[in-house]
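Right, one structure below, let's go through it.
Each residue takes its place number in the sequence, starting with 1. Every number for a ligand or one of its atoms is a count from 1 in the order of the listing.
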Amino acid sequence: MTDIIDGNAVAADVRDGLGDAIDTLADADVTPSLATVLMSDDPASETYVSMKQDDCEEVGIDAIDIELDPDAPAEELYDTIDDLNDDPEVDGILVQMPVPDHVDDRAVLRRIDPLKDVDGFHPENVGRLVAGNARYKPCTPHGVQKLLAAADVETDGADAVVVGRSDIVGKPMANLFVQKDEYGNATTTVCHSRTEDLAAKTRAADIVVAAAGVPEMIDGDMLSEGVTVVDVGINRVDADTEKGYELVGDVEYESAKEKAGAITPVPGGVGPMTRAMLLWNTVKAASLQHDVPVDLP
Ligand code: NDP
């Protein structure tokens, strides 16, 4: 029997657990707050931001919605970040990526106060994660860790293969797997577009995390019996549906499910966890900045 890892259920547990931490903060007159900054008229980015705002409101986090004209000068975004950095009422800041071409995205990430960087992308937070002293783990790989823990998948001593080396998923995922801690201690291989014989790598893995953004590129033939498969990919492919498309992962689900001991579906796997872990980081940000200790789930 393959264990289908239910990301919606695990995310709901995380949100429930955060409720206790939010109550503890409320006892100290603190309401966590997240400012989202959108400088784009891309419908997907607008949807992501509004989902994040809704998630916040659902658990009792104040959501501050800032929208900037995509044609505005970069300085307007920098000034907005500076104001949010200085505002004691703001615990977390998230600038929705991608920003317009005339804005340097690395400069944006560096500008955010590391204590308010709930995405965990500021170089200081990246460095802390690599050094094994993470403050804010990036939401998607952190969510994957939580999923694996919830499914009782042991990482200690496991051979983990991460397909993808982006700054937001692949690299932090690999960095978490190699840490000498409860959810790490995996022997970790990072694959990318220059990897030769990817199938040989994935076949040798106990855990495969697919984050390449290539629809259904990993199928059952590329996996060994009993492997745990975490599919991060979210890809739109043309389909005969009302919307004209459907969402598929980087894993060819049906054939992979035949081999896997445990697998995450798309949708309903990693996606809900990414959203939940943003709330987690925001609550942690409030706890750190207001000096109110909380138990995080
Ligand atoms: P990027 O495009 O930034 O990175 C993709 C990575 O995959 C790159 O490192 C690339 O290699 C590698 N890659 C591409 N093609 C291949 C291939 N054929 N074989 C091996 N490696 C390959 O993507 P992201 O990391 O931002 O996102 C990856 C996927 O995850 C996307 O589908 C995205 O939508 C999804 N996503 C889902 C989230 C969720 O919450 N579920 C959150 C974030 C992303 P190279 O570096 O050599 O170019």
Side-chain angles (χ1 to χ4, degrees), residues 5-8 10-11 14-15 36 40 42-45 47-52 54-55 94-99 105-106 109 118-121 126 136-148 150 160-177 188-205 208-219 221-223 229-238 245-253 256 263-281:
I5 305 175
D6 183 346
N8 285 313
V10 182
V14 170
R15 283 195 301 272
T36 56
S40 166
D42 169 43
S45 291
T47 304
Y48 290 143
V49 166
S50 86
M51 286 189 325
K52 288 167 188 174
D54 292 348
D55 289 345
L94 181 147
V95 177
Q96 183 65 40
M97 296 291 168
V99 286
D105 51 4
R106 286 182 187 268
L109 299 180
V118 287
D119 261 336
F121 297 154
V126 175
Y136 304 122
K137 297 178 185 177
C139 301
T140 300
H142 193 187
V144 172
Q145 276 194 318
K146 292 281 178 198
L147 279 179
L148 293 174
V161 167
V162 179
V163 185
R165 57 174 165 183
S166 72
D167 292 339
I168 63 169
V169 187
K171 278 187 210 159
M173 184 77 256
N175 277 318
L176 289 175
F177 273 144
T188 306
T189 304
V190 183
C191 300
H192 43 75
S193 64
R194 305 293 181 91
T195 297
E196 294 201 3
D197 201 355
L198 178 67
K201 310 282 189 291
T202 52
R203 266 186 220 118
V208 173
V209 177
V214 180
E216 300 182 324
M217 63 173 281
I218 295 172
D219 64 16
D221 285 343
M222 298 172 69
L223 300 167
V229 180
V230 179
D231 191 353
V232 178
I234 301 179
N235 310 290
R236 264 189 195 194
V237 295
D238 293 341
Y245 67 85
E246 64 178 352
L247 295 180
V248 299
D250 289 354
V251 175
E252 208 276 295
Y253 185 74
I263 188 167
T264 64
V266 176
V270 177
M273 292 305 296
T274 298
R275 291 168 62 179
M277 300 324 288
L278 175 64
L279 306 175
W280 198 101
N281 277 350

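Judged by the shortest distance from any of its heavy atoms, Thr195 lies outside the 4.0 Å radius around the atoms of ligand 1. For the pair Gly170 and ligand 1, no heavy-atom separation below 4.0 Å is found.
Pairing each heavy atom of Ile218 with each of Ala210, the nearest pair is CD1-CB, 3.8 Å. Nearest heavy atom pair, residue Gly213 against residue Asp250, reads N-OD2, 2.8 Å.
Ligand 1 has no nitrogen or oxygen under 3.5 angstrom from a nitrogen or oxygen of Asp250. Checked against a 3.5 angstrom limit, the closest N/O atoms of Ile234 and ligand 1 fall inside it. Between Arg194 and ligand 1, a contact under 3.5 Å exists for no N or O pair.
Of all protein heavy atoms, the one closest to atom 3 (O) of ligand 1 is Ser166 CB, 3.4 Å. Annotation: atom 41 (N) of ligand 1 to nearest protein heavy atom, Val232 O, 3.1 Å. Among protein heavy atoms, the minimum distance from atom 43 (C) of ligand 1 is reached at Val169 CG2, 3.8 Å. With hydrogens left out, the protein atom closest to atom 12 (C) of ligand 1 is Gly164 CA, 4.0 Å, a heavy atom. Closest to atom 42 (C) of ligand 1, if we only count protein heavy atoms, is Thr140 OG1, 3.3 Å. Distance from atom 15 (N) of ligand 1 to its nearest protein heavy atom, with residue and atom name: Val214 CG2, 3.5 Å. Scanning the protein for heavy atoms near atom 13 (N) of ligand 1, the closest one is Ala212 CB, 3.8 Å. Counting protein heavy atoms only, atom 10 (C) of ligand 1 is closest to Ser193 N, 4.2 Å.
A donor-acceptor pair under 3.5 Å is absent between the side-chain atoms of Lys137 and the main chain of Gly143, judged by distance alone. Although no hydrogens or angles enter the test, the distance criterion places no donor-acceptor pair under 3.5 Å between the side chain of Thr195 and the main chain of Leu198.
Short contacts between ligand 1 and Thr274, defined as distances under 4.0 Å to a heavy atom of the residue, involve ligand atoms 39 (C), 40 (O). The Ala211 neighbourhood of ligand 1 comprises atoms 5 (C), 6 (C), 7 (O), 28 (C), with distances under 4.0 Å to a heavy atom of that residue. For ligand 1, the atoms closer than 4.0 angstrom to any heavy atom of Asn235 are 32 (O). The ligand atoms of ligand 1 that sit less than 4.0 angstrom from a heavy atom of Gly271 are 40 (O), 41 (N). Those atoms of ligand 1 with a heavy atom of Val270 less than 4.0 angstrom away are 41 (N).
Interatomic distance, CZ of Phe177 versus CD of Gln145, reported as 7.5 Å (0.5 Å rounding). Note that CG of Leu278 is 6.5 Å distant from NZ of Lys52, once rounded to the nearest 0.5 Å. Atoms CE and CZ, on Met97 and Phe121 in that order, are 8.5 Å from each other to the nearest 0.5 Å. Expressed to the nearest 0.5 Å, how far OG1 of Thr140 lies from CD1 of Ile234 amounts to 8.0 Å. Atom CZ of Arg203 and atom CG of Asp197 lie 7.0 Å apart (nearest 0.5 Å). Atom CE of Met273 sits about 10.5 Å away from atom SG of Cys139, to the nearest 0.5 Å.
Judged as a salt bridge (charged side-chain N to carboxylate O under 4.0 Å, His left out), and not counting sequence neighbours, the contacts of Arg15 are Glu58.
Proximity of Pro272 to Pro267: side-chain heavy atoms (C-beta onward) are nowhere separated by under 4.5 Å.
Within the 4.0 Å heavy-atom criterion, the part of Met217 lying near ligand 1 is the side chain and not the backbone.
In Tyr253, the OH atom is crowded: over 12 heavy atoms of neighbouring residues, nucleotides or ligands sit closer than 6.0 Å.
One option in Arg165, His192, Met273 has a heavy atom closer to atom 46 (O) of ligand 1 than any other, and that option is Arg165. For atom 26 (O) of ligand 1, the choice among Ile168, Thr202, Leu247 with the nearest heavy atom turns out to be Ile168.
In this structure, atom 21 (N) of ligand 1 has a protein heavy-atom contact shorter than 4.0 Å.
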